[in-house]
Amino acid sequence: MSEEERCVIVRVGEERYAFPIRQVREVVSTPSLTFVPRSPRHVAGVMNLRGQVLPVVDLRKRLNLPEEEKRERKVVVADWKGEVVGLLVDEVEAVGEVAAAETEEEVRGESWVRGVARSGGHLVVVADIVSLLGEESRGIS
Amino acid sequence: MESLNASEEEIRIFLEEVEEQLELLETGLLKLEREGTDPEVLASLFRAAHTVKGSSAAVGHQAMAAATHALENVLDRLRRGELHPAPGVVSVLFRTLDVLREMKADLAEGKEWTGDLGPLLRELRQMAETPGILAEAGIFFDEPLEEEVAERLREGEAQGLVPLKVTVRLAPEAIMPAVRAYQAYEALASLGEVAGSRPSLEEIEQEKVEAEVVFFLLTREAREGVRAAAASVPEVLGVEIERLGLSPRVAENLSAEEPGSPSGAAREASLGGGAAGDNRTVRINVEVLDRLMNLVGELVIDRTHLARLSTLLGRFEEAEEEIRELGRLSAHLARVTGFLQDEILKARMVSIDRVLKKLPRLVRDLSRSLGKEVDFEIRGEDTELDRSVIEVIGDPIIHLIRNALDHGIETPEERVKAGKPPRGKLVLSAYHRENQIVIEIADDGRGLDAEKIRRTALERGLLTRERLEEMTERELWQLLFLSGFSTAREVTELSGRGVGLDLVRKNIEGIGGRVEVDSHPGRGTTFFLYLPLTLATIRALLVESGGQVFAFPLSGIVETLRVTPGAVKKLNRREVMEVRGKVVPVFRLDEVLCLPSAEQGNGSGYAVLATAGGMETGFVVDALLGEQEIVIKNLGGYLGEIPGFLGATVLGDGSLALILDVRGLREPLLN
């Protein structure tokens, strides 16, 4: 019943996620990250995006996925409440139309999951970036 | 907003203009309240109300136009001396100003103002219509007039006639000047009433007439009609017409209101306001200035790197011509960038008056509600500061002012008991000192209570008794700025929320400034804000720790020391170092920040001795990388504020380095 939406499909480990392209600004390859002490565990650090400080969230840590030794790294730059926040992923696989099928409550689990879709032979979780990142600031006050 | 017939850009300009005019209104009302009727003050009040009326009508803000129209009518009566600025009157005017501010704030947020204007309008109208409390002679007309004439003009004006001064110049060769003068009198009298003339009618009849005759005319006729009538008299060379009773500038503004004035409609519709006529200045969006400043900041940093590179290249004795050319170019670029930076800095300077304007009203309202009597004085209001600094210091200044009124200055009874005059004194001074701007806020109140501060610090477990005993008074005062420290005897609505001074300190230190306080029991307290001239770039010391580069703002560094093994000693389970006879707590930066690659420190490296709030702390780092000019960028809303970091800066290789905040680093360590 959901309408088709153009999405960026990313891979993190064995998992695939689709982010609505209207929430994505751009994708950056091989970012140089600066670690930020005292920041939450899932924050990978900050990077220089054309002179702007871009906080980058490690999607793997945010989703509690197992760590891997070697990984490709790409940053999906997304809109977040009038600012930009980066999501560190292993690979950006495709951009395409995705229709999120309705899912059972158990599969949905979290509020940021909008549904599940099939793309390129894989099941992908269609995610809402803003609710994935949370409405509130992540800083420690 | 759909309800207004103006574009977003027009509304932006409108809001800016209204803000300026509302500030003028406020300044004027405060003066009116304090000093009573002053023609200049009333003229400026009238002008401000009139301007807002015109521009709000032009953008279609009906409520604001209605309120300012009613306000204008009251001010007009005050200006003519028909109404006395009694406290009741002034307080209605202040209330009107508050309503206008609300309207402006709502518009700025894109909301429609939904208040009820009815009661206020009724009050204003009533004041505008109260029958004549006539002015003392002289203050109404800037023209020295015979009392009879002045009286008649006032009455005529009250009946809706416009008082005009018509100057008729006669040809010098005129054979019968008295006859021409009389003809002019008759021509003007046919348009209304001639209340008087110079020379008088009797003198004209006695032929005592020179080249110029002045008539005081009450009329409903438009200026052009008056001019035509007077000019129709033979041997009249020129006719000048002036509206009476106002300073020339007000008269000019008012021409829009005169019946039949062709420029009226156009003037009402103009949005540009006072700035329109001045083609030597342009209004520029602050965001554009900010972007320019950021770009120049980047340029300054690139300049530094380029200079370093070309010095490196130039070291080769037999440098090639191209390399020497590069060196020359780099030097030239550095010079031009420097000039560019200076000019943009200048463009961003605004007078601190912008922030201070609101204060007299604040002091007035607050001291009243606290039952205190306070004389407030501002010195150096024309001191200039970078716009970005101005934006940050507003809240801290207001906070310190509130603090002084709330806790510093005593009630009149207490003051009299202490042998002081019942009225307290609060002085804010702003001035340049070396490369800084200093703002002093001094009250003559009760002063700080050292004993009470010691007790509170002990109760809150902030410091040990021994440490507190050995602290100087000046050091004790600094404790006020620690988070959660508040000695306010009662929590008042104003400033006793316990988040007071530490926030002031945070704001000021956040822009690379410093707060200090000095106090004498019974004689008063003075707060000093030391502010940087600009926030564009700061000088910083780059250090390496745990494999990462960090920047210490140079303003907080006392010195750097080489740490030899054994120099760091344990004292009371804390690591300390002795620096020139002083024992300073020392921390390893990588441990403080729990850096993942922190190695077990062997105590060697370098110590950066930093100060904040009058206390020194040493941070041991692996290497000192040198000083550099850096641009502060904040970490963004997602990360929010992380204690210990002011932000980040872009290094020469494009990577980011975090800028350290000494106080934030240290605070969790000392508790």
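The structure presented is a predicted model; accordingly, all values stated were derived computationally and were not measured.
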Within a strict 4.5 Å, meaning less than it, do heavy atoms of the B:Y638 and A:V84 side chains meet?
-> no
For chain B, which residues from residues 87-98 of chain A lie under 4.5 Å away (heavy-atom distances)?
-> none
Just jot down the salt bridge (Lys or Arg N to Asp or Glu O under 4.0 Å) partners of A:R25, sequence neighbours excluded, or say none.
-> A:D79
Evaluate the criterion side-chain contact (heavy atoms from CB on, under 4.5 Å) for residue pair A:R38 and B:L639; output intermediate values, then yes/no.
-> CA-CA 10 Å; A:R38 297 180 175 183; B:L639 287 176; over 6 Å; no
Under the side-chain hydrogen bond (donor to acceptor under 3.5 Å, both in side chains) test, residues paired with A:Q52 that sit two or more places apart = none
Please tell me if the side chains of B:L595 and A:P37 come closer than 4.5 Å, counting only heavy atoms from C-beta onward.
-> yes
Between CG on residue A:L54 and NZ on residue B:K633, distance to nearest 0.5 Å = 12.5 Å
Taking every heavy atom of A:V53 against every heavy atom of B:N634, the minimum-distance pair comes out as CB-O, 3.8 Å
Which atoms of A:V46 approach chain B - backbone, side chain, both or neither, heavy atom under 4.5 Å | both
N/O donor-acceptor pair under 3.5 Å between B:Q548 side chain and A:T34 backbone = no
Sorted by chain and residue number, the salt bridge (Lys or Arg N to Asp or Glu O under 4.0 Å) partners of A:E5 (sequence neighbours excluded) come out as A:R22, A:R114
With rounding to the nearest 0.5 Å, note down the distance linking OG in A:S32 to CG in B:L656.
-> 7.5 Å
For B:E8, does the CD atom have more than 12 heavy-atom neighbours from other residues, nucleotides or ligands under 6.0 Å away?
-> no
